[in-house]
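Small disclaimer: the values here were computed from a predicted structure and weren't measured.
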Amino acid sequence: MGPKIGLALGSGGSRGFAHIGVLKALKNAGIKVDYIAGSSMGALVGVLYAAGYTPDILEKMALQFRRKFFLDFTVPKMGFIKGDKIRQVIGTLVNNRTLEQLDPKTAVVATDLMKGERAVFTRGDISIAVRASIAIPGIVIPQEINRRIYVDGGVADRVPVSVVKEMGADIIIAVDVSYFDTEPQITSIYDVIMQSMDIMEKEMIRYREIESDVMIRPILSHIKSTQFTNVKDIIQNGETETLKFTEIICRKIEEWKES
């Protein structure tokens with residue numbers, strides 16, 4: 001009997017498509033994932049994979065992604081985007097299943113805006129939990145659940161390493177798709193907000209690396225979190241970088257068995 005493998009998928013806007021490449025590389029290497037925890041885009045990719053979509057199918061879906069089909073703009077009050085469209089799409093894709101029905105077991109990470117704390121969803125409606133996790137502050141209207149207000153999981157926990165550890169993982173693989181650009185092109189409010197979140201998380205991410213057994217950082221320096229035009233390259237980056245770590249992961253699995 002081998003160790004339980006936990007996968008922590010981080011937030012990062014369009015760079016989160018790299019998680020599909022990560023899953024593809026792990027699957028091809030025969031590394032079975034037992035637990036997944038995701039923030040924001042990591043949550044979306046994680047639940048779709050756990051709902052039965054293979055990495056190859058996820059890649060095909062990502063290549064057909066068009067923002068106009070998912071965004072429903074509204075008069076700004078707490079955000080520019082209502083988020084109803086994306087919630088409905090997610091609900092349809094997962095056939096309105098609950099988090100308890102996913103395999104591997106998957107946790108969705110959001111941020112409780114009122115408490116200022118991380119919130120972890122492991123039960124209930126998948127579409128609502130993911131909708132909360134991807135609610136970028138100032139862009140997407142926060143999600144209300146049981147009279148609490150939730151925003152993007154990346155605000156409190158960009159790469160939820162401790163969540164998969166609490167779920168029971170023996171070996172933790174973390175995927176950080178963030179990139180801090182020191183000379184960014186700030187041309188929109190979205191750029192302002194995403195750069196601000198990157199600054200906030202820059203120091204915190206160091207502790208996630210210490211807590212994980214393997215930290216994968218796809219080479220995404222040339223890709224903005226707002227870019228959705230080069231999805232194939234983003235996925236390829238995730239796969240290529242993960243392939244560099246498969247031997248290390250397999251060795252850690254063997255060391256765990258021996259110990």
- prompt: Would a distance-only check, ignoring hydrogens and angles, find a side-chain to backbone donor-acceptor pair under 3.5 Å from Asp152 to Ser40?
  reply: no
message: Using modelled atom types and a 3.5 Å cut-off, is there a donor and acceptor pairing between side-chain atoms of Asp170 and backbone atoms of Lys4?
response: yes
message: Is any side-chain heavy atom of Ile139 closer than 4.5 Å to one of Ile81?
response: yes
- prompt: Do Leu99 and Phe121 have side chains that get closer than 4.5 Å, going by heavy atoms?
  reply: yes
Would you kindly say whether [X] and [Y] are connected by a side-chain donor-acceptor distance under 3.5 Å?
X: Ser39; Y: Asp157; answer: no
X: Thr54; Y: Asp56; answer: no
X: Thr98; Y: Gln101; answer: yes

Salt bridge between [X] and [Y], side-chain N to carboxylate O under 4.0 Å?
X: Asp103; Y: Lys105; value: no
X: Glu59; Y: Lys24; value: yes
X: Lys257; Y: Glu254; value: yes

Minimum heavy-atom distance between Val177 and Gly12, given as atom pair plus value: CG2-CA, 4.0 Å
Listed partners of [X] passing side-chain hydrogen bond (donor to acceptor under 3.5 Å, both in side chains), at least two apart:
X: Glu166; answer: none
X: Glu241; answer: Lys244
X: Ser11; answer: Arg158

- prompt: With respect to Leu26, which candidate in Val33, Leu243, Ile216 satisfies the side chain to side chain contact (heavy atoms under 4.5 Å, CB included) definition?
  reply: Val33
field: The single option from Gln143, Arg147, Arg148 passing side chain to side chain contact (heavy atoms under 4.5 Å, CB included) against Ile145
entry: Gln143
message: Tell me every residue that passes ring-ring contact (aromatic ring centres under 6.0 Å, His included) with Tyr49, counting only those two or more places apart in sequence or in another chain.
response: none
query: Of all residues at least two apart in sequence or in a different chain, which pass the side-chain contact (heavy atoms from CB on, under 4.5 Å) check with Thr240?
result: Gln236
- line: Applied to residues 232-259, the ring pair (Phe, Tyr, Trp, His ring centres under 6.0 Å) test, sequence neighbours excluded, yields none
